[in-house]
Participant: 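Got a structure for you, questions after.
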Amino acid sequence: MEETRSKLQTQPLGWWVRSHGCNELSLEHDDLEVCLMGWVQYRRDHGGLIFIDLRDRDGLTQVVFTPDVNAQALEEAHALRSEYVLAVKGVVRKRPEDMVNPSLLTGEIEVAVRDFKLLNRSRTPPFLIEDRVEAAENLRLKHRYLDIRRPAVAKNLRLRSQVVHEIRNYLHTAGFIEVETPVLTRSTPEGARDFLVPSRLSHGHFYALPQSPQLFKQLLMCAGLDRYYQVVKCFRDEDLRADRQPEFTQVDMEMSFVEEEGIMSEAENMIAGLFKKVLDVKLETPFLRLNYSQAIADYGLDRPDVRFDLTLRDVTDVVRGSRFNLFARAELVKALRVPGGAELSRKEIDDYTDFVSIYGAKGLAWIKIKDDEWQSPIAKFLSPEEQEGLTDVLGLEAGDIVFFQAASPEVVNNALGYLRLKLGERFGLIPENTFAPIWIMDFPLLEWDADEKRWEARHHPFTSPRDGHMELLEKEPGLALARAYDMVINGQEVGGGSIRIHTRDDQEKMFAALGMDLQESRNKFGFLLQALDYGAPPHGGIAFGLDRLVMLMAGCSSIRDVIAFPKTQKAACLMTDAPAGVSNRQLRELGIRLREAENKPQD
RNA sequence: GGGGCCGUAGUUAAGCUGGUUAUAACGCCGGCCUGUCACGCCGGAGGCCGCGAGUUCGAGUCUCGUCGGCCCCGCCA
């Protein structure tokens with residue numbers, strides 16, 4: 001099959017040197033002898049005349065084989081096919097007047113081929129290397145090197161490179177020192193599941209891949225480096241999502257002798273500068289700020305999309321004494337008013353009811369405000385006073401629809417919070433090409449783990465409580481607030497950080513509050529406690545999720561689109577087939593025997 | 001661990017309440033063509049309908065299981 005494609009022999013590059021890229025030539029190069037190298041994008045074989053669009057990472061240039069320039073080359077060029085790799089020497093010439101291709105940057109010229117070399121052949125690719133053809137994602141991932149040849153994918157990687165470059169540039173200028181921290185480190189409790197690496201030299205012992213360089217960067221502050229940053233891979237063995245991969249990249253920073261303001265202003269200047277330089281988008285600084293509790297109250301979520309205005313309202317008091325039992329008894333009742341929402345069909349409302357059920361909602365109450373009446377399955381249960389109260393609190397007008405959730409705060413806020421996003425889309429309330437950054441602050445320090453029946457650090461156990469809140473840990477741990485902050489853009493959490501605990505005393509108190517006894521905390525975090533004991537400066541930092549940030553800037557909806565070689569939802573790499581089995585010899589060296597091998601019958 | 005969507009030529013899809021030989025476009029192969037640009041024209045090849053059971057006279061179509069991909073809940077900052 002391959003033989004039929006071409007009898008043309010491939011040749012070594014020899015002394016040929018590329019003179020230009022495929023997006024570079026224009027009328028000002030007229031008559032110039034050039035040498036281009038690239039792939040065959042399209043071939044238009046007219047028999048006595050052949051056009052080839054030669055592609056490299058930058059663009060396309062039309063090269064033309066004609067008998068009057070080189071008849072031999074024309075003869076050979078009949079054998080060229082898609083994705084063959086060529087080196088072409090020729091002369092730049094102006095195209096005939098009405099033959100200009102305005103959709104090509106190089107569309108005013110063409111290169112008349114004097115000589116060419118076939119550098120490599122190609123099998124017919126499994127999918128067309130074109131932006132307008134969307135092949136199935138598993139196919140694209142299996143042949144990712146072909147997928148990346150598509151300009152849209154390459155463009156994302158180039159954007160990512162620009163972003164990292166600007167970040168490094170900014171931080172370097174601002175006096176940050178880039179330091180690499182270990183990838184083979186020790187497993188620490190809390191947080192996500194670790195990826196483990198067995199030790200050959202110490203059987204039965206394991207390294208863990210870092211979930212983040214958190215402890216190392218704090219130790220670098222103890223070391224007096226003052227300002228640290230790193231663009232670093234982090235690893236978390238948890239289930240994947242469109243915005244979550246098992247290995248992902250953080251822009252990790254830490255600063256000494258600063259408090260919230262110092263870190264946040266540096267971080268938002270960096271981000272604003274980035275958007276300006278890379279996208280030419282101006283973000284107003286300082287960014288808006290919102291308390292966690294206010295974010296939950298207004299938006300239901302701790303990463304609100306503030307590009308549009310719909311907000312939730314607490315109407316618990318209005319319906320407290322209602323004949324409608326569900327409302328009267330619920331711990332929390334909130335309403336979401338959608339102006340113009342009365343146009344929603346019954347089918348759409350049913351779909352929204354299904355939608356909120358995934359967040360634990362048992363149903364979705366609604367009222368359509370018509371000119372003369374309230375159209376609703378629940379209106380009849382509401383007294384005139386309650387109706388008046390709702391009209392007042394919500395500012396109801398004819399044409400509106402109001403959705404209600406009455407349940408636990410968690411269910412109410414999640415259900416209405418995500419419903420708000422859905423409705424924002426449905427009613428076209430979300431402006432495109434807009435970036436709305438916002439800081440979320442004053443997070444609770446701890447979070448109740450219902451399964452484990454204990455308090456856990458919401459951020460991580462090194463986060464400092466607000467002044468005076470350390471004392472709350474014993475009596476009212478749920479009320480203690482953290483000196484933590486998240487940066488949210490368009491409803492995406494792109495970064496988060498905190499002021500750290502920098503005294504041994506406080507850090508031990510914190511561990512104790514998390515149910516760790518002295519022995520245990522010294523065992524696991526002895527090195528940190530010691531470092532804090534030797535004059536640790538006050539410090540804090542922030543880490544950005546680079547993949548999410550680039551995804552946002554690229555306008556993609558999955559971080560896979562901005563990662564060169566991403567993994568599937570089962571954390572597999574379809575190209576290399578990782579993860580894969582290993583030989584018994586490798587296992588033996590590591591002192592490992594698989595449990596399944598003992599149970600499974602030998603075949 | 002759970003819910004939803006999907007799997008048919010190389011690719012993207014169509015295939016109705018089960019019924020003759022499984023369609024189309026693009027791609028691929030061969031031929032013709034000196035101004036195309038996603039060239040055009042003529043001809044051709046190409047299928048384990050993801051895999052395995054079951055129901056049925058008969059399964060791409062229905063049922064169950066399984067594998068894989070995507071989205072989500074849980075999990076994860």
Side-chain angles (χ1 to χ4, degrees), chain A residues 1-5 41-53 60-68 71 74 78 81-83 95-104 106-107 110 112 123-143 190-194 211-212 214 234-246 248 250 302-303 354-361 414-415 418 440 443 447 449-451 457-460 463 484 486-488 492-498 542-545 548 557-558 560 567-570 572 574:
Chain A
M1 187 173 77
E2 285 307 303
E3 299 84 76
T4 62
R5 285 204 77 180
Q41 177 72 39
Y42 303 115
R43 166 181 63 109
R44 294 177 292 279
D45 188 338
H46 292 237
L49 183 71
I50 299 177
F51 298 99
I52 297 249
D53 289 337
L60 295 176
T61 300
Q62 172 166 287
V63 302
V64 55
F65 295 80
T66 61
D68 49 307
L74 171 65
H78 288 297
R81 293 292 182 273
S82 287
E83 300 307 316
R95 292 194 193 186
E97 210 58 57
D98 46 346
M99 303 300 164
V100 166
N101 184 348
S103 61
L104 235 53
T106 59
E110 62 190 5
R123 296 178 53 178
T124 303
F127 51 87
L128 288 177
I129 314 290
E130 278 182 355
D131 280 344
R132 63 200 158 79
V133 178
E134 265 314 299
E137 197 169 7
N138 53 355
L139 202 66
R140 295 173 48 200
L141 291 179
K142 180 168 181 185
H143 303 279
E190 311 275 339
R193 198 176 289 115
D194 284 320
Q211 297 179 24
S212 80
Q214 182 60 37
C234 302
F235 306 87
R236 290 173 192 168
D237 190 5
E238 298 292 346
D239 286 355
L240 284 74
R241 286 283 194 285
D243 62 353
R244 268 162 37 191
Q245 287 267 306
F248 60 99
Q250 283 192 347
D302 64 358
R303 45 185 178 94
D354 287 344
F355 174 71
V356 295
S357 74
I358 65 182
Y359 303 102
N414 261 325
Y418 285 107
I440 307 300
F443 286 90
E447 209 166 31
D449 184 330
D451 291 334
R458 187 186 166 85
H459 191 65
H460 54 53
T463 297
D486 277 0
M487 187 189 289
V488 173
Q492 277 278 336
E493 186 208 319
V494 297
S498 64
I542 188 167
F544 290 92
R548 286 183 190 175
S557 48
S558 165
R560 290 189 302 276
K567 293 185 170 52
T568 69
Q569 196 156 53
K570 280 193 70 186
L574 296 182

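Just so it is clear, the structure is predicted and the values come from calculations on it, not from any experiment.
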Participant: Tell me whether the side-chain N/O atoms of A:R123 come closer than 4.0 Å to OP1 or OP2 in B:rC29.
Facilitator: no
Participant: Rounded to the nearest Å, what distance is computed from the CG atom of residue A:D194 to the P atom of nucleotide B:rC76?
Facilitator: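 Taking atom P of B:rC76 as the reference, CG of A:D194 is at 12 Å.
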Participant: Across all strands shown, which nucleotide pairs with B:rA22 by Watson-Crick or G-U wobble geometry, both distances under 3.5 Å?
Facilitator: none
Participant: If the C1' atom of B:rG19 is compared with that of B:rG30, how far apart are they to the nearest Å?
Facilitator: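 Per the computed distance, 38 Å lies between those C1' atoms.
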Participant: Would you check if the side chain of A:R193 reaches a backbone N or O of A:D237 as a donor-acceptor pair within less than 3.5 Å?
Facilitator: yes
Participant: Expressed as a whole number of angstroms, how long is the span from A:R43:CZ to B:rG27:C1'?
Facilitator: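 The answer, rounded to whole Å, is 11 Å.
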Participant: I want to check one thing: is the phosphate of B:rG69, taken as OP1 and OP2, less than 4.0 Å away from some side-chain N or O of A:K570?
Facilitator: no
Participant: Without decimals, in angstroms, what is the distance between A:K142 NZ and B:rC67 C1'?
Facilitator: 15 Å
Participant: Using every non-hydrogen atom in the two residues, find where A:R548 and A:D243 come nearest and quote the distance to one decimal.
Facilitator: NE-O, 3.3 Å
Participant: Between protein and nucleotides 35-38 of chain B, what N or O pairs are separated by less than 3.5 Å?
Facilitator:
from, atom 1, to, atom 2, distance (Å)
B:rG35, O6, A:R93, NH2, 2.8
B:rG35, N1, A:E110, OE2, 2.9
B:rG35, N2, A:E110, OE1, 2.6
B:rG35, N2, A:E110, OE2, 3.2
B:rU36, O4', A:H46, NE2, 3.4
B:rU36, O2', A:H46, NE2, 3.4
B:rU36, O2, A:R44, NE, 2.5
B:rU36, O2, A:R44, NH2, 3.3
B:rU36, O2, A:Q62, OE1, 3.4
B:rU36, N3, A:Q62, OE1, 2.8
B:rU36, N3, A:Q62, NE2, 3.1
B:rU36, O4, A:Q62, NE2, 2.8
B:rU36, O4, A:R95, NH1, 3.4
B:rC37, O4', A:R44, NE, 2.9
B:rC37, O2', A:R44, NH1, 3.4
B:rC37, O2, A:Q62, OE1, 3.3
B:rC37, O2, A:N101, ND2, 3.1
B:rC37, N3, A:R95, NH1, 2.6
B:rC37, N4, A:R95, NH1, 3.4
B:rC37, N4, A:M99, O, 2.3
B:rA38, O4', A:R132, NH2, 3.2
B:rA38, N9, A:R132, NH2, 3.4
B:rA38, N1, A:R132, NH1, 2.6
B:rA38, N3, A:R132, NH1, 2.7
B:rA38, N3, A:R132, NH2, 2.8

Participant: Roughly how many Å apart are B:rG47 and B:rG58, using the P atom of each and rounding to a whole number?
Facilitator: 27 Å
Participant: Rounded to the Å, how far apart are A:Q41 CD and B:rG27 C1'?
Facilitator: 13 Å
Participant: Of the candidate nucleotides B:rG27, B:rC33, B:rA77, which contains the atom at the shortest distance from the side chain of A:T124?
Facilitator: B:rG27
Participant: Where each residue is assigned the nucleotide of RNA chain B containing its nearest heavy atom, which of A:Q250 and A:R303 is assigned the position nearer the 5′ end?
Facilitator: A:R303
Participant: My understanding is that a pair needs two contacts under 3.5 Å, Watson-Crick or G-U wobble. By that rule, which nucleotide pairs with B:rG60?
Facilitator: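 The answer is none; no pair meets the criterion.
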Participant: What integer distance in Å separates A:R140:CZ from B:rC70:C1'?
Facilitator: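 Rounded to whole Å, this separation is 12 Å.
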Participant: If we call it a pair only when both distances are under 3.5 Å in a Watson-Crick or G-U wobble match, what pairs with B:rG74?
Facilitator: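 Because no pair has both required distances under 3.5 Å, B:rG74 counts as unpaired.
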Participant: For B:rG50 versus B:rG43, give the span between their C1' atoms, rounded off to a whole number of Å.
Facilitator: 33 Å
Participant: Is it the case that B:rC70 (base atoms only) and A:R560 (side chain only) share a donor and an acceptor within less than 3.5 Å, ignoring hydrogens and angles?
Facilitator: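 In this structure, the two groups form no donor-acceptor pair.
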Participant: What integer number of Å spans the C1' atoms of B:rG60 and B:rA14?
Facilitator: 12 Å
Participant: So, does A:R81 get its side chain near the phosphate of B:rC29, meaning an N or O under 4.0 Å from OP1 or OP2?
Facilitator: yes
Participant: Taking atom C1' in both B:rA24 and B:rC49, what distance in whole Å separates the two?
Facilitator: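 Looking at atom C1' only, B:rA24 and B:rC49 are 16 Å apart.
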Participant: Across the strands shown, which category fits A:L139 at heavy-atom distances under 4.0 angstrom: base, sugar-phosphate, nothing?
Facilitator: sugar-phosphate
Participant: Measure from CD on A:Q569 to P on B:rC67 and round the result to the nearest Å.
Facilitator: 15 Å
Participant: When you match A:A192 and A:A136 each to their closest nucleotide on RNA chain B, which lands nearer the 5' end?
Facilitator: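 Its nearest nucleotide lies further toward 5', so the answer is A:A136.
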Participant: Can you check whether A:Q211 has a side-chain N or O nearer than 4.0 Å to OP1 or OP2 of B:rC76?
Facilitator: no
Participant: Donor-acceptor check, side chain of A:Q41 to backbone of A:I129, threshold 3.5 angstrom: yes or no?
Facilitator: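 Here the side-chain-to-backbone pair exists.
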Participant: With rounding to whole Å, what would you report as the distance between B:rC41 and B:rA22 at their P atoms?
Facilitator: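 B:rC41 and B:rA22 have their P atoms separated by 28 Å.
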Participant: Mind checking who B:rG44 pairs with, Watson-Crick or G-U wobble, both distances under 3.5 Å?
Facilitator: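 Result: B:rC28.
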Participant: B:rA77 P sits how many Å from A:D239 CG, rounded?
Facilitator: 13 Å
Participant: Work out which heavy atom in A:S357 is nearest to a heavy atom in A:D354; give both atom names and the distance.
Facilitator: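 In terms of heavy atoms, the two residues are closest at OG-O, 2.5 Å.
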Participant: What nucleic acid atoms does A:R241 come within less than 4.0 Å of, heavy atoms only: base, sugar-phosphate, or nothing?
Facilitator: base
Participant: Report yes if at least one side-chain N or O of A:R548 is closer than 4.0 Å to OP1 or OP2 of B:rA77; otherwise report no.
Facilitator: no
Participant: Per the atom types in the model, does the base of B:rC76 pair as donor or acceptor with the side chain of A:R236 at under 3.5 Å?
Facilitator: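 Looking at the base of B:rC76, it does not pair with any donor or acceptor on the side chain of A:R236 (distance under 3.5 Å).
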Participant: Are A:R44 and A:D53 packed together at the side-chain level, in the sense that at least one heavy-atom pair is separated by less than 4.5 angstrom?
Facilitator: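 The answer is yes, as the side chains (C-beta and beyond) meet within the 4.5 Å cut-off.
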Participant: Run the side chain to side chain contact (heavy atoms under 4.5 Å, CB included) test against A:A192 and tell me which residues pass, sequence neighbours left out.
Facilitator: A:Q211, A:R236, A:E238
Participant: Within this structure, what is the NE2-to-C1' distance between A:H78 and B:rC32, rounded to whole angstrom?
Facilitator: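 In whole Å, B:rC32 C1' lies 11 Å from A:H78 NE2.
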Participant: Please give the distance between the P atoms of B:rA45 and B:rC39 as a whole number of Å.
Facilitator: 25 Å
Participant: Would you say B:rC28 has OP1 or OP2 under 4.0 Å from some side-chain N or O of A:S82?
Facilitator: yes
Participant: Look only at the side chain of A:R81 and the backbone of A:T124, and say whether a donor-acceptor pair between them is shorter than 3.5 Å.
Facilitator: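 No, the answer is negative, given that no donor and acceptor are paired below the 3.5 Å cut-off.
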Participant: In whole angstrom, give me the gap between the C1' atoms of B:rU21 and B:rG46.
Facilitator: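 Straight-line distance between the two C1' atoms is 16 Å.
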Participant: In terms of the angle between their ring planes, are A:H46 and A:F51 parallel, tilted or perpendicular, with boundaries placed at 30° and 60°?
Facilitator: perpendicular
Participant: A:R560 pairs by side-chain hydrogen bond (donor to acceptor under 3.5 Å, both in side chains) with which of A:Q569, A:Q245, A:E137?
Facilitator: A:E137
Participant: One thing to verify: whether A:R244 and A:D239 come together as a salt bridge, which I'm taking to mean a side-chain N less than 4.0 angstrom from a carboxylate O.
Facilitator: no
Participant: For B:rG7, give the paired nucleotide (Watson-Crick: N1-N3 plus N6-O4 or O6-N4; G-U: N1-O2 and O6-N3; both under 3.5 Å), or none.
Facilitator: B:rC67
